[in-house]
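Worksheet: the structure to be examined is printed underneath.
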Amino acid sequence: ILNVEQSPQSLHVQEGDSTNFTCSFPSSNFYALHWYRWETAKSPEALFVMTLNGDEKKKGRISATLNTKEGYSYLYIKGSQPEDSATYLCALKGRGSNYKLTFGKGTLLTVNP
Amino acid sequence: GAVVSQHPSWVICKSGTSVKIECRSLDFQATTMFWYRQFPKQSLMLMATSNEGSKATYEQGVEKDKFLINHASLTLSTLTVTSAHPEDSSFYICSADPGLAPNEQFFGPGTRLTVL
């Protein structure tokens with residue numbers, strides 16, 4: 001069974017601030033770590049898929065890192081904008097026959113203009 | 001590309017009735033679709049994996065006779081909540097896997113079910 005913890009549960013930042021939040025997992029026995037961005041009333045949108053220790057991915061102002069040895073992934077947002085307001089979900093994809101996604105509870109980000 | 005729709009987006013029904021939720025992949029084919037449920041302040045929890053042309057695989061604790069899943073085509077899966085009760089009120093969301101690396105799942109926008 002994969003466990004996924006996300007912190008903080010929610011945070012408020014001002015427009016222009018940079019921020020980051022954490023996805024932690026006690027076991028690295030998974031195939032991939034996924035980050036999703038989920039705006040209210042919309043579909044969760046895939047941001048990154050990472051599989052290797054030390055992976056770093058970037059998409060515009062958003063980037064993510066993966067450290068499987070210490071059991072965490074960070075998501076960074078540089079220069080937050082109001083349109084970044086969303087819930088950010090972390091999920092682990094299991095190996096082999098256990099290929100399902102196990103999600104954390106998410107981090108709700110609110111960016112104030 | 002990779003758009004998944006879900007219908008209805010919200011539904012209110014009386015206790016004892018059945019409700020059908022549709023999940024469609026609009027611009028790709030999906031041999032595998034997934035159904036999740038989310039209770040307030042909880043994480044998305046996988047209910048079942050739906051495979052086109054075969055029986056769904058249910059997660060432990062999910063009643064297959066209560067949550068009927070049909071994956072009749074490569075673009076459509078349906079979830080029917082039978083004899084719904086207030087405790088079935090939840091947010092139901094589907095995802096579809098086009099079978100491409102890196103095994104990405106594309107999500108629908110979800111369905112809010114309220115059982116009175």
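Quick note on labels: first sequence line is chain A, next is B, and so on, each numbered from 1.
Cluster annotation: L33(A) and Y88(A) are assigned to the same hydrophobic cluster (Ile/Leu/Val/Met/Phe/Trp/Tyr, side-chain heavy-atom contacts under 4.5 Å, transitive). Note: the hydrophobic cluster containing I93(B) also contains F34(B) (ILVMFWY, side chain heavy atoms under 4.5 Å, direct or indirect links). A continuous path of ILVMFWY side-chain contacts below 4.5 Å connects V13(A) to I62(A), so both sit in one hydrophobic cluster. Linking ILVMFWY side-chain heavy atoms closer than 4.5 Å, directly or via other members, places L92(A) and L52(A) in two distinct hydrophobic clusters. With hydrophobic clusters built from ILVMFWY side chains whose heavy atoms lie under 4.5 angstrom apart, F107(B) does not share a cluster with I21(B).
Scanning residues 45-79 of chain B against chain A with a 4.5 Å heavy-atom cutoff picks out L46(B), T49(B), E59(B), ordered by number. For residues 41-48 of chain A, the interface with chain B (any heavy-atom pair closer than 4.5 Å) comprises A41(A), K42(A), S43(A), P44(A), A46(A), sorted by residue number.
To the nearest 0.5 Å, atom CD of residue E104(B) and atom OH of residue Y36(A) are 4.0 Å apart. Atoms NZ and OG, on K100(A) and S95(B) in that order, are 13.0 Å from each other to the nearest 0.5 Å. For the atom pair Y36(B) OH and L101(A) CG, the distance stands at 4.0 Å (nearest 0.5 Å).
In this structure, L44(B) and W38(A) have side chains that are in contact, with non-hydrogen atoms separated by less than 4.5 Å.
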Just distance, no hydrogens or angles: give the donor-acceptor pairs under 3.5 Å from side chains in residues 70-77 of chain A, sequence neighbours left out.
| from | atom 1 | to | atom 2 | distance (Å) |
| --- | --- | --- | --- | --- |
| Y72(A) | OH | N67(A) | ND2 | 3.3 |
| S73(A) | OG | W35(A) | NE1 | 2.9 |
| S73(A) | OG | T65(A) | O | 2.7 |

Validation: residues 105-113 of chain A side-chain donor-acceptor distances under 3.5 Å, sequence neighbours left out:
| from | atom 1 | to | atom 2 | distance (Å) |
| --- | --- | --- | --- | --- |
| T107(A) | OG1 | P8(A) | O | 2.6 |

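Heavy atoms of Q6(B) lying under 4.5 Å from chain A are absent altogether.
No more than 12 heavy atoms of other residues, nucleotides or ligands sit less than 6.0 Å from atom CD of E5(A).
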